[in-house]
Amino acid sequence: YRVGVNRYHFLLQSLADLDASFRARGSRLLVLRGTPEEVLPRVLKQWGASQLCFETDTEPYAIQRDARVRQLAREAGVTVSAHVSHTLYDTEELISLNGGKAPLTMQSFTKLVDR
């Protein structure tokens with residue numbers, strides 16, 4: 001991805017800050033480079049991982065990526081736990097509750113989330 005110098009610098013500072021927070025709690029941040037297909041099989045085996053947790057994303061590219069990640073984990077015998085936190089509500093659940101269609105008005109959306 002191409003990003004501007006300022007954004008790149010901000011991202012590096014954010015990662016360094018996150019790593020410092022983890023280290024203060026006895027852990028650390030690991031940043032891996034490559035596609036999930038390149039990286040996950042190797043590190044899941046190398047680390048002896050039994051569970052993989054990640055944030056559910058609703059963007060089309062992310063849905064495809066996450067499906068690949070789930071498959072790679074399954075092939076490695078790793079349990080996957082994905083959680084909604086990127087959005088306030090689970091968009092797939094809301095669409096399901098609305099008969100497979102996205103709510104088109106604020107009123108219909110509010111009725112769904114108030115259930």
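The basis for the numbers below is simple: all heavy atoms, side chains too, and nothing from hydrogens, waters or symmetry mates.
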Linking I/L/V/M/F/W/Y whenever any side-chain heavy atoms sit under 4.5 Å apart, do [X] and [Y] land together?
{"X": "L52", "Y": "V39", "answer": "yes"}
{"X": "L30", "Y": "L18", "answer": "no"}
{"X": "L97", "Y": "M106", "answer": "yes"}
{"X": "F109", "Y": "L88", "answer": "yes"}
{"X": "W47", "Y": "L40", "answer": "yes"}

Measuring only between side-chain heavy atoms, which start at C-beta, is [X] closer than 4.5 Å to [Y]?
{"X": "H9", "Y": "N6", "answer": "no"}
{"X": "I63", "Y": "D57", "answer": "no"}
{"X": "V43", "Y": "L32", "answer": "yes"}

One thing to verify: whether D19 and R23 come together as a salt bridge, which I'm taking to mean a side-chain N less than 4.0 angstrom from a carboxylate O.
yes
Taking all atoms of both residues into account, what is the closest heavy-atom pair of [X] and [Y], and its distance?
{"X": "L72", "Y": "P41", "result": "CD2-CG, 3.9 Å"}
{"X": "A49", "Y": "V78", "result": "O-CG2, 3.4 Å"}
{"X": "P103", "Y": "L112", "result": "CG-CD1, 3.8 Å"}
{"X": "T56", "Y": "V84", "result": "OG1-N, 4.1 Å"}
{"X": "L44", "Y": "A76", "result": "CD1-CB, 4.1 Å"}

With rounding to the nearest 0.5 angstrom, report the [atom1] to [atom2] distance, [X] to [Y].
{"X": "F10", "Y": "L15", "atom1": "CZ", "atom2": "CG", "value": "9.5 Å"}
{"X": "R65", "Y": "R70", "atom1": "CZ", "atom2": "CZ", "value": "11.0 Å"}
{"X": "E59", "Y": "Q64", "atom1": "CD", "atom2": "CD", "value": "11.5 Å"}
{"X": "L94", "Y": "Y89", "atom1": "CG", "atom2": "OH", "value": "8.0 Å"}
{"X": "S108", "Y": "K101", "atom1": "OG", "atom2": "NZ", "value": "11.5 Å"}

Examine distances only and state if a side-chain atom of N98 and a backbone atom of G100 form a donor-acceptor pair shorter than 3.5 Å.
no
CD (Q107) with more than 12 external heavy atoms under 6.0 Å:
no
Is the count of non-hydrogen atoms from other residues, nucleotides or ligands lying under 6.0 Å from Y8 atom OH greater than 12?
no
Audit row: V80, V69, side-chain contact (heavy atoms from CB on, under 4.5 Å) steps and yes/no
CA-CA 9 Å; V80 173; V69 166; 5.6 Å; no
What I want to check is whether the side chains of S85 and E55 have a donor and an acceptor closer together than 3.5 Å.
yes
Mind jotting down which residue pairs meet the salt bridge (charged side-chain N to carboxylate O under 4.0 Å, His left out) criterion with at least one end in residues 24-43? Sequence neighbours excluded, please.
E37-R68
